[in-house]
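Before any comments, here is the structure.
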2 protein chains.
Amino acid sequence: MQAKDVILGLLKKKDMSGYDIKKRFEEEFSFFFDSSYGSVYPTLKKLESNQYIHKKTLIQEGKPNKHLFSITKKGEELFECYLESEVKRDNIRSDICMRLYFGEFINKKQMLTIIKNTISQNEKTVHQLEHMYTLYGGNMSDTQKISLEIGIEYHKSQLQVLQDGIQKL
Amino acid sequence: MQAKDVILGLLKKKDMSGYDIKKRFEEEFSFFFDSSYGSVYPTLKKLESNQYIHKKTLIQEGKPNKHLFSITKKGEELFECYLESEVKRDNIRSDICMRLYFGEFINKKQMLTIIKNTISQNEKTVHQLEHMYTLYGGNMSDTQKISLEIGIEYHKSQLQVLQDGIQKL
DNA sequence: CTTTACATGTAATCGGTTACATGATTAA
DNA sequence: TTAATCATGTAACCGATTACATGTAAAG
């Protein structure tokens with residue numbers, strides 16, 4: 001799964017601009033995917049130059065023109081290839097787990113600070129994701145809800161482990 | 001958090017070879033970090049050429065010589081820099097969540113197969129991690145245990161959501 | 001008056017993957 | 001006899017990040 005696959009999938013649902021796409025990454029996708037503008041725009045450019053997507057320009061005043069991209073038949077075929085590929089296992093890089101693993105090299109006070117910060121960040125994320133669930137849940141498909149639930153439960157479980165763990169230190 | 005940080009941390013605990021390090025990534029680190037040989041060996045080479053680590057060669061018969069690396073003072077300072085850097089939030093790329101999100105483009109039967117496969121993979125991983133916990137738990141620090149618990153609970157929670165979810169489809 | 005949102009993009013760099021190349025030993 | 005374990009490494013490529021560059025409009 002890489003940026004082009006996600007972008008193609010989004011465009012299959014609806015025409016979007018690079019800016020729109022990046023916003024989606026920060027919202028619905030925040031749990032399982034992210035990518036910067038420096039990845040989104042070049043990816044769109046490459047997809048367009050290979051006719052996987054097509055660009056329409058909306059002239060705007062006071063703002064840069066908006067480039068709306070739509071998926072082509074060729075693009076849908078490429079997305080189909082992704083869907084038929086084998087499902088890769090989750091790829092996780094957890095800096096907090098790394099700090100915990102090398103905890104012996106950090107003094108206890110600092111460790112507690114790190115854990116507490118992570119806890120409050122996790123709390124924020126859980127609230128955000130739950131908010132999304134109540135807001136958009138009605139318009140989401142069953143499987144979309146499952147993906148969101150995975151995100152919520154991930155952060156909740158991490159929160160729980162950290163809260164329990166901090167007691168024992 | 002990148003390969004060089006993890007490697008430095010491991011070498012701070014104990015002298016190791018590239019092969020040993022990669023094995024660690026597949027065991028204790030499997031939940032929160034992974035990296036291929038094509039990353040480990042070049043990273044070691046770069047660290048050595050900058051005097052962050054030092055190489056000793058163990059002559060072996062019937063096998064390639066083993067290169068044991070140890071961390072230098074300069075290397076410990078570099079690792080210290082990492083430990084003082086701000087903790088980054090977890091970086092996750094979840095292909096299964098992506099499939100769920102774009103579930104409307106997959107037929108139901110295939111979707112069920114995907115979910116069931118993920119469930120059984122998760123079960124395997126939970127068993128493995130729990131096995132590690134019983135085996136090495138005694139020799140692990142409190143914070144190391146927490147990091148392992150985060151991994152276990154992550155996979156358990158995903159498992160749970162998928163099992164519940166599959167009922168509703 | 002400052003920040004956030006809107007909106008696009010490039011250049012330099014980097015970190016990492018994949019595939020390749022080699023080969024003995026041991027366990028199933 | 002086949003697969004797994006031990007053990008090292010390189011070359012080509014790629015996907016992505018960071019920092020840069022620009023600018024208006026609306027909201028607080």
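Sequence lines set the chain letters: A, B, ... in the order given, protein chains first and strands last, and positions in each chain run from 1. Side chains included, hydrogens not; waters and symmetry mates left out as well; all remaining heavy atoms used. As the structure is a computational prediction, the values presented were derived from the model and not from experiment.
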Does a donor on one side chain sit under 3.5 Å from an acceptor on the other, for A/Tyr133 and A/Glu149? yes

Do A/Thr125 and A/Asn122 have side-chain N/O donor and acceptor atoms under 3.5 Å apart? no

Establish, with yes or no, whether the OP1 or OP2 oxygen of [N] is under 4.0 angstrom from a side-chain nitrogen or oxygen of [X].
X: A/Ser17; N: C/dA7; answer: no
X: A/Lys63; N: D/dT24; answer: no
X: B/Tyr19; N: D/dT8; answer: no

Given the ring of [Y], does [X] sit roughly above its face, with NZ or CZ under 6.0 Å from the centre of the six-membered ring and within 45° of the axis?
X: B/Lys13; Y: A/Tyr101; value: yes
X: B/Lys12; Y: A/Phe105; value: yes
X: A/Lys56; Y: A/Phe69; value: no

Looking at every strand, decide which applies to A/Lys23 at a 4.0 Å heavy-atom threshold: base, sugar-phosphate, or nothing. sugar-phosphate

In whole Å, I'd like the distance from the CG atom of B/Leu68 to the C1' atom of D/dC6. 14 Å

Every protein N/O within reach of nucleotides 14-21 of chain C N/O, cut-off under 3.5 Å:
unit_1	atom_1	unit_2	atom_2	d
C/dG15	OP1	B/Gln2	NE2	3.2
C/dG15	O5'	B/Gln2	NE2	3.2
C/dG16	OP1	A/Arg93	NH1	2.6
C/dG16	OP1	A/Arg93	NH2	3.4
C/dG16	OP1	B/Ala3	N	3.4
C/dT17	OP2	B/Ser36	N	3.0
C/dT17	OP2	B/Ser36	OG	2.9

Minimum-distance nucleotide to A/Pro64 side chain [options: D/dT8, D/dG23, D/dT10]: D/dG23

Check the orientation of A/Phe33 and A/Phe25. Use parallel for under 30°, tilted for 30 to 60°, and perpendicular for over 60°. perpendicular

